[in-house]
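Encoded as structure tokens, the structure appears first; notes follow it.
Small disclaimer: the values here were computed from a predicted structure and weren't measured. Position 1 is the first residue of the sequence, and the numbers go up from there.
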Amino acid sequence: MSSTSGESPPPAPRACFGRAEFIDKIVDLAENLKPIALIGVGGIGKTSIALTLLHHDRTKQRFGVNRRFIHCDQFPTSCAHLLSRLSKVVGAGMENPEDLASLRPFLSSREMLIVFDNAESILDPEGANSEAINAVMEELSQFDNICLCITSRISVVPTDCETFDIQPLSIDAARDAFYRIYKSTERPDLVDAILEQLDFHPLSITLLATVAHQNKWNMDRLQREWERQRTRTLQTTHDKSFAKTIELSLACPMFQEITSDARGLLEAVAFFPQGVDENNLDWLFPTIPDGINTFDKFCALSLTHRSDSFVTMLAPLRDHLRPRDPKSSSLLHIAKEKYFTRMSVDLNPNRPALANSGWIALEDLNVEYLLDVFATIDADPSVWDTCAKFIDHLAHHKQRPTVLGPKIEGLPDSHPSKPRCLFQLARLFKSFGNHVECKRLLTCALKLQRQRGNRRAVALTLRRLSEVNRILGFREEGIRLAEESLQLYKQFKDVVGQAGCSLDLARLFYGNKWLDAAEEAASRTIDLLSERSERFMVCESHRLLGNIYRSRGETEKPIHHLEIALGLASSHNWTEQLFWIHREFVELFLDRDRFDDAQTHIERAKLHTGNRTFFVGHTVKLQARLLYRQHRLEEAKSEALRAADIFEKLGATNALEGCRPLLRRIEGGMNKPVVPEGSTDNGEFPTRKDAVCRAHLLFTPSERPAQSK
């Protein structure tokens, strides 16, 4: 057998950003002649990593000239062509070897590093001659003098390979990759935002930077083009495009054999920002047989990946595969109807459906995006009805702002769903503490409901407005609204509605320190509901009575009523009520300097924060108050600032304002004798230099009412 010099590998990439630690790991494996498989979606950087390995100084020292590189997508998929190409590249000198046995003497004669790039084109189990080809690759991986390195989109590789799923770049590496081509470093915030939308995918970053550089776009133009075209921007003048890279994956036999609607299923998955929960496959896509197996193959093809229980994909893939006309996707239409039906449950806290609706906390981004898109392209009223239901779900299970707000307010006043959507949007703002915005939206909803003569909706909205006025400190206005609502419920002979108004008035009287009137109204609520199943309001009434008796300085009654409330809330698993009840216990025990008991109830309150960032803020504030009372001022200050930061990010203005006096007292204690907690100190913030405190405390618009709660 004659021997030739073989073929030299392609040059190393000029840069391989963010992969240094990983490359060191695979160099170690190569030096120990361990087979390696680099698996990942197209454009993730597998080839760059393999070439960097081939040209690494330690690799050169170990293998010398016997470092070989084979483009598997540049010859026909057959065992004969594979063996012929292998013989030529390694320099075995055999024209058309019949099998690997004829090459074995040469392959065994020296140490080699052989890279098979784009190996999915030969290892695809659905491809031609796949069994024979896989046998050859399996045997090559067994040679004890050869390091086999495979790059592939699919995870079908020789069994002994150390397999690595190649991940996107870090943000720092993504920046370096972008600026190496684009050069200009203007508007780094804008660059970071676009890189994040690309999921730090190396090929997408390279293509976008190249397009921007070739066209001499400044950052403003780049942003406009990206927002207008998204991944369609990712095509250079040399006709290298992201689309071609992805379509190459979809053209492989393994994908074609999955199901007749594989492309449609991928498009449906791509539509949802979170991907699809594997636990919901049969429910969400009932027309897809054996959905789990289908998604397994998508993952094996590196088209999707698993994140917790969700099957999702990188952002550029989602953008490329997402249906341009969502209404034309039959699978997406089915999924939409499934989500809409699932949100139709009644969220009355006295009924079990409330607990069963907690799924929304996991899939809220999917549903929100679905509604956002279909509210734009579909005039079907059911979209807006479901929009109101979705916001109701958020208010119960995951209090946060929603992108649907501007769309709701943009509806014409004549739209049948606008009052209801405004009402639910107001409740959502209240749930995370933005009471000013809640009042504005309720006022708009009330005006529309009065115009339409919807007296029951008017009565309910008056109650909600009464409540938010109480929280904002406008108690006289709140009393007037609650009394108007009460008269309406009396006309309807609605006892439950009357009980709700009575409870609202009890809270308002309590805020005005009219304790006898508050006690009478709260007790009346309990009496009205004595023979009814509305245990939720009974629970709230006992909680309020506990506060009333605490304000009177009584010893046993506050604990008695709070324990009744706790028992009711625990038996029904009312998470929100449990949180507030434990908060009331903390306040009670702080009054009595029972710090261990207060800490116990802070910990119990934490168990019921769930996905509610607003509740987290309150537990942090409670911890700050306890630390202050224990004279642990540095710790108290840190916690109080953390609570203020949480409320500020949520836009919870009243809760944020409530942090001011506590922080002032803490600062006062660090600079002078402690200000008593009951003090109405309105002095200015100390002149001590503390920028973080000032950022949270020095904005006090005169028009913003003080928090009364």
Quiz item: Is there a donor-acceptor contact under 3.5 Å from the side chain of Asn366 to the main chain of Gly275?
Solution: yes

Practice problem: Assess the side chains of Asp117 and Thr151: does a donor N or O sit below 3.5 Å from an acceptor N or O? | Solution: yes

Quiz item: Of the options Ser152, Cys72, Ser130, which is the one that meets Ile122 in a side-chain contact (heavy atoms from CB on, under 4.5 Å)?
Solution: Cys72

Quiz item: Side chain of Asp73, backbone of Asn118: donor and acceptor closer than 3.5 Å?
Solution: no

Quiz item: Does the distance from a Lys or Arg side-chain N to an Asp or Glu carboxylate O, for Arg400 and Glu368, drop under 4.0 Å?
Solution: yes

Exercise. May I ask you to decide if the ring planes of Tyr182 and Phe178 are parallel, tilted or perpendicular, using 30° and 60° as cut-offs?
Key: tilted

Exercise. Count the heavy atoms belonging to other residues, nucleotides or ligands that lie under 6.0 Å from CD of Glu196, then report whether that count exceeds 12.
Key: no

Exercise. Show the numbers, then the answer: is there a side-chain contact (heavy atoms from CB on, under 4.5 Å) between Phe374 and Thr386?
Key: CA-CA 11 Å; Phe374 279 91; Thr386 306; over 6 Å; no

Exercise. Give a yes or no on whether the backbone of Gly64 and the side-chain of Arg67 come within a donor-acceptor separation of less than 3.5 Å.
Key: yes

Quiz item: Is Ser329 reaching over with its side chain to a backbone N or O of Pro326, donor-acceptor style, under 3.5 angstrom?
Solution: no

Quiz item: Are Arg104 and Glu139 ion-paired here, with the side-chain N under 4.0 Å from a carboxylate O?
Solution: yes

Quiz prompt | Donor-acceptor under 3.5 Å (Thr233 side chain, Arg230 main chain) | solution = yes

Quiz prompt | Flag, side chain of Asn129 to backbone of Cys79, donor-acceptor distance under 3.5 Å | solution = no

Self-check item: Any donor-acceptor N or O pair under 3.5 Å, side chains Ser170, Asp172
Solution: no

Exercise. Show your working on side-chain contact (heavy atoms from CB on, under 4.5 Å) between Thr312 and His305 and close with a plain yes or no.
Key: CA-CA 6 Å; Thr312 186; His305 60 270; 3.4 Å; yes

Practice problem: Would you mind reporting whether Arg180 and Arg14 have side-chain heavy atoms less than 4.5 Å apart? | Solution: yes

Practice problem: Please say whether more than 12 non-hydrogen atoms of neighbouring residues, nucleotides or ligands are located less than 6.0 Å from CD in Glu98. | Solution: no

Quiz item: So which heavy atom on Leu53 is nearest to which on Thr59, and how close?
Solution: O-OG1, 2.8 Å

Self-check item: Carboxylate-amine/guanidinium proximity below 4.0 Å for Lys46 and Asp165
Solution: no

Quiz item: Crowded around Asn279 CG? As in, over 12 foreign heavy atoms under 6.0 Å?
Solution: yes

Quiz item: Aromatic rings His71 and Phe69: how do their planes relate, parallel, tilted or perpendicular, breaks at 30° and 60°?
Solution: perpendicular

Practice problem: Output yes when Glu21 and Lys25 qualify as a salt bridge under the 4.0 Å nitrogen-oxygen rule, no when they do not. | Solution: no

Exercise. Verify side-chain contact (heavy atoms from CB on, under 4.5 Å) between Asn280 and Arg342, making sure each step is shown before the conclusion.
Key: CA-CA 12 Å; Asn280 289 340; Arg342 197 173 190 183; 3.6 Å; yes

Quiz item: Is it true that Arg228 and Glu225 have a side-chain N and a carboxylate O under 4.0 angstrom from each other?
Solution: yes

Quiz item: Quick check, are the ring centers of Phe272 and Tyr339 under 6.0 angstrom apart?
Solution: yes

Exercise. May I ask you to decide if Leu362's main-chain N or O and Gln274's side chain share a donor-acceptor pair within less than 3.5 Å?
Key: yes

Quiz item: Sub-3.5 Å donor-acceptor pair from the side chain of Glu95 to the main-chain atoms of Lys88, do we have one?
Solution: no

Practice problem: Considering only NZ, NE, NH1 and NH2 on the basic side and carboxylate oxygens on the acidic side, decide whether Arg232 and Asp319 come within less than 4.0 Å. | Solution: no

Quiz item: Does Asp124 reach the main-chain N or O of Glu126 with its side chain, forming a donor-acceptor pair under 3.5 Å?
Solution: yes

Exercise. Decide yes or no for Glu227 and Ile194: does some side-chain heavy atom of the first lie under 4.5 Å from some side-chain heavy atom of the second?
Key: no

Self-check item: Salt bridge flag under 4.0 Å for residues Glu267 and Arg324
Solution: no

Quiz item: With a 4.0 Å cut-off, would you call Asp189 and Arg187 a salt bridge?
Solution: yes

Practice problem: Look at the side chain of Asn32 and the backbone N and O of Lys34, then say whether any donor-acceptor pair between them is shorter than 3.5 Å. | Solution: no

Exercise. Given side-chain contact (heavy atoms from CB on, under 4.5 Å), test Val367 with Met343 step by step and report yes or no.
Key: CA-CA 10 Å; Val367 180; Met343 281 187 291; 3.4 Å; yes

Quiz item: Does a side-chain heavy-atom distance below 4.5 Å link Arg153 with Cys252?
Solution: no

